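Here the structure is laid out as structure tokens; the discussion comes afterwards.
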Amino acid sequence: MCNHTPEPPGGAPPLNSKTRFGKTTLAEMVWANRKVQRRFKGRIYRITLGLDVRSRAAIAAKVGEATRFIAGDTHVFDDLDLASAHLGRLLDARPEMLLILDDVWTPDQLAPFLVGGARCRRLITTRLPELLPAGAHQVRVDEMSVAQARQVLTFDISGALPEEIERGLLKATGRWPLLLRLANRLIHRQVSTGVSPTEAGAAVLEQLRRRGPAGLDPAASVDLNDPRVRQTAVRATVEAGTTLLPPGGYDRFTELGVFTEDETIPVALVIALWGTTAGLSVVQTRELCAVLSGLSLIDLDPAGGGRVHLHDVIRDFLRSGLGDQRLQGLHCALVDAAGADVSPAQPQPGGGTGPARAWWTMPDGYLADNLVTHLLAADRTPEAEALALDLRWIAWRLDRRAATAPIADLAQIPTPAAQQAARDLARTAHLLTPTTPAHAQAAVLRSRLSGYRAWHAQATVWRSLHPALYNRWPLPDLPDPAQRRTLTVAAVTVAISPDGTWLATTSKDGTVRMWDTATGRMTRTLTGHTGPVRAVAISPDGTWLAATGHDGTVQMWDTATGRMTRTLTGHTGPVNAVAISPDGAWLATAGDDETARLWDLVADRATRTLTGHTGPVNAVTISPDGTWLATAGRDETVRVWEAGWNTNPQRSVSRGGIGAVAISPDAAWLTTAGDDGTVRIWDTATSRITRTLTGHTGPVHAVAISPDGTWLATAGRDETVRIWDTATGRATRTLTGHTGPVNAVTISPDGTWLATAGADWVVGIWDVATGRDTPILNGHPGGAYAVAASPDAAWLATTGHDGTVRIWDAATGRAIRTLTGHTGRVNAVAISPDGTWLATAGRDETVRIWDTATGRATRTLTGRVNAVAISPDGTWLATISGDSTVRIWESGTENLMAMMRADSALRACNWLPDGRGLAVAGDQGLYVYDFLPDSS
């Protein structure tokens, strides 16, 4: 275990045995060993599987448990393959560690934990050596030696057992540690009452021979490899012990079989169960638990009010004697007993049928994770469904565990509504990770689920006790019903083999991985790239694949052997995409160097270079007949090319998102600016587009509305500023003069002038009536990015590429003050309603609050912020970030009050005039939220 030499697949030695000869105990001893602890510097993690962990969702939850233990990672994956790949990447990135996989029963349980982790050793305990990976070093844990077994049998017994009795007991127990320990406790208990060891040992041996499989032949040892013999031996030993229990004790002990395998059970729950089934008091229950523990029939831990653990062998024995009908009755009794201490649930928000009990108010622990299982086993499927669909339960499970927990609850309920809800929740799980502030997670949950029928009524009427954002409009980014899930993983691209039996993925870790689609197992890892791999394509016959990377190369591998066969070079930057021709004779690549290249695979060289894109080329595809290909670039064009010698594109099309938003003074309408060159006016009451303004010949970067709402101004990449009549949608004036893209526009409070900021380093002030550019302000080397006018129109603030914020006299164009502190481009600026302070957001991942009188930065907030807006009363500050979040801050402090997540890149935000909500522009469309500072 402590050898520094790399191990074969599987890592550390698996412990296997056909019976259950203390493999888990040995694994725990390894875990606790000081030498092993020093070797792995304490990085030892244990995951228990067990026979009950069978479904893919349950195994995925175990993988998620491992990621949280090892890395504190909270990424949520309901899909087992994705969870496994994510764990593999985490293991690859971390130093040496030991992962103990205890009680593995199936290959499906083991496979997800074998992905990645070149520096991770794995200690596996299992009864089934055939499921271990090839080359794994196995340590067979069979019956104890005679000396070891004798030590367990006679432990803590005063006086020696006669040789004949000792030998008989070793044979009757098959030298199985569990049975030896039970026999030891039986003898010890009788000896403690005054019986001699000889008499006690003889009595126990007689019971085992009379009731057990060895009864037919006293000279024979028990063959514990035979399941029937093993079960009989367990029954004989357990029943021998239960003769020492008080009246009714055996029945109470049997009832413990109702609990889930490999779980720690609170004694308080046992008290509730036995109080219901037999009227036992708290004292009587605790005394019986102590007796059972003294006989080694249960493990009893006094910590936390007392916890019981039942060996899985004993649990199996108890359940075999209960029968289906009695077991169902016990599940009912357990649920009813536990529910007696849970307060009745308030009516479900939205008027739906919720659970009768407020289970989300009970202490977290065993019952939280197993309540749905017990309800289903009690034949209470409607109750289980009502509970699992209730957003109060989902929010509680989400807060205590992760999204895998409520998804697993729903997935095990065999009703169409629950199954559909599990799929819907899985589609949004990537947005349900922990938030700051923590209470915002509940708001994100309701926001994301409000668009689904199962939760719409609950989500829309819910109100938080804390400041929160609520959907005013339907979300523009809800997934298509056909979408299963969204992956937030390091895998970059994926390709499927022609016969569909395997697929290939690329990763930021520089590898290409091949996966068996039937089993979900990774079959091969291809290495060679020296940076992230951005794309992969598989040949038409599936015998080879090509991948492109950040290192500027195209690499090709033989899929049968995993051997790299060639490397193509020529691009002068990262290569983003690759496609293979239908005949496999040539391929096409696209790169950051603004070119696409065609490669002859016979000649091993690039035969032509396609130019025309004005930015990185992100995608390429080849037509089914191989006569033409299409490329897509960051310049927002798609170009179609002949595959022959003509390298000019045939045609191009473009499409984009929303880059700016402004709200009318009366809040009756708002306007957005799009990457497609259009400006749209929306009715805020109906969320419908009422007018589309066209005229810009490129993306529109900014929009501002006049104080009276009769006109608006837009600024675009086409170097123009346009003024529009909002009633007719006509452009009334086009302002020209900038010699580069115009990034920002703001209108003075009296509507007589406007200011613009451009990439040409110029800030222009324009007379609205005449269209004349009055002062021209120069001062931001590299370009000006944002501009805002003070409430009294006396000054304006601009931000630039140079990392500064500049304050200008609006009448003279003179620079009054330069604010420094940002260490990179400053993207946005907003001025408080009284003009005493302003806020800026920069690429240095900070938001800075400045005193306009002194030019001093008074506070700094951290985060990747793209835009900032101040509420009309100056109380709140809104920011949007590169992680697709909206945050609300208290402007007088650094307190983060509320947060919301979107499933889209966000670009701009603006408060509604009454300060009770805001509009946010993003790549997927427009979001409009209500903001309530409190539950009232």
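Quick caveat: nothing in here was measured; it's all calculated off a predicted structure.
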Give me each pair satisfying ring-ring contact (aromatic ring centres under 6.0 Å, His included) with a member in residues 433-459, each pair once, sequence neighbours excluded. H439-H466

Can you list every side chain to side chain donor-acceptor pair (under 3.5 Å) pair that touches residues 741-750, not counting sequence neighbours?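 Checked against side chain to side chain donor-acceptor pair (under 3.5 Å) - neighbours excluded - the pairs reaching residues 741-750 are S748-D750, D750-T752.
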
Do [X] and [Y] have side-chain N/O donor and acceptor atoms under 3.5 Å apart?
X: W393; Y: D409; result: yes
X: S450; Y: N471; result: yes
X: D390; Y: Q348; result: yes
X: T435; Y: R901; result: no

For the atom pair OG1 (T726) and CD1 (I723), what is the distance rounded to the nearest 0.5 Å? 12.5 Å

Point-to-point distance, once rounded to the nearest 0.5 Å, from CH2 of W360 to CZ of R397: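 Output value for this atom pair is 13.5 Å.
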
State whether the side chain of [X] and the backbone N or O of [Y] hold a donor-acceptor pair below 3.5 Å, judged by distance alone.
X: R848; Y: G821; result: yes
X: Q441; Y: L432; result: yes
X: T846; Y: T860; result: no
X: Q924; Y: L475; result: no

Side-chain heavy-atom pair [X], [Y] within 4.5 angstrom cut-off:
X: T862; Y: E845; value: no
X: V886; Y: Y927; value: no
X: R357; Y: S343; value: no
X: R887; Y: L877; value: no
X: L754; Y: V768; value: yes

Walk me through it: do D725 and R730 pass the test salt bridge (Lys or Arg N to Asp or Glu O under 4.0 Å)? CA-CA 5 Å; D725 184 301; R730 258 190 331 111; 5.4 Å; no

Salt-bridge contact D675-R717 (side-chain N to carboxylate O under 4.0 Å):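 Result for this pair is no, no salt bridge flagged.
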
How are the rings of W766 and H738 set to each other: parallel, tilted or perpendicular (split at 30° and 60°)? tilted

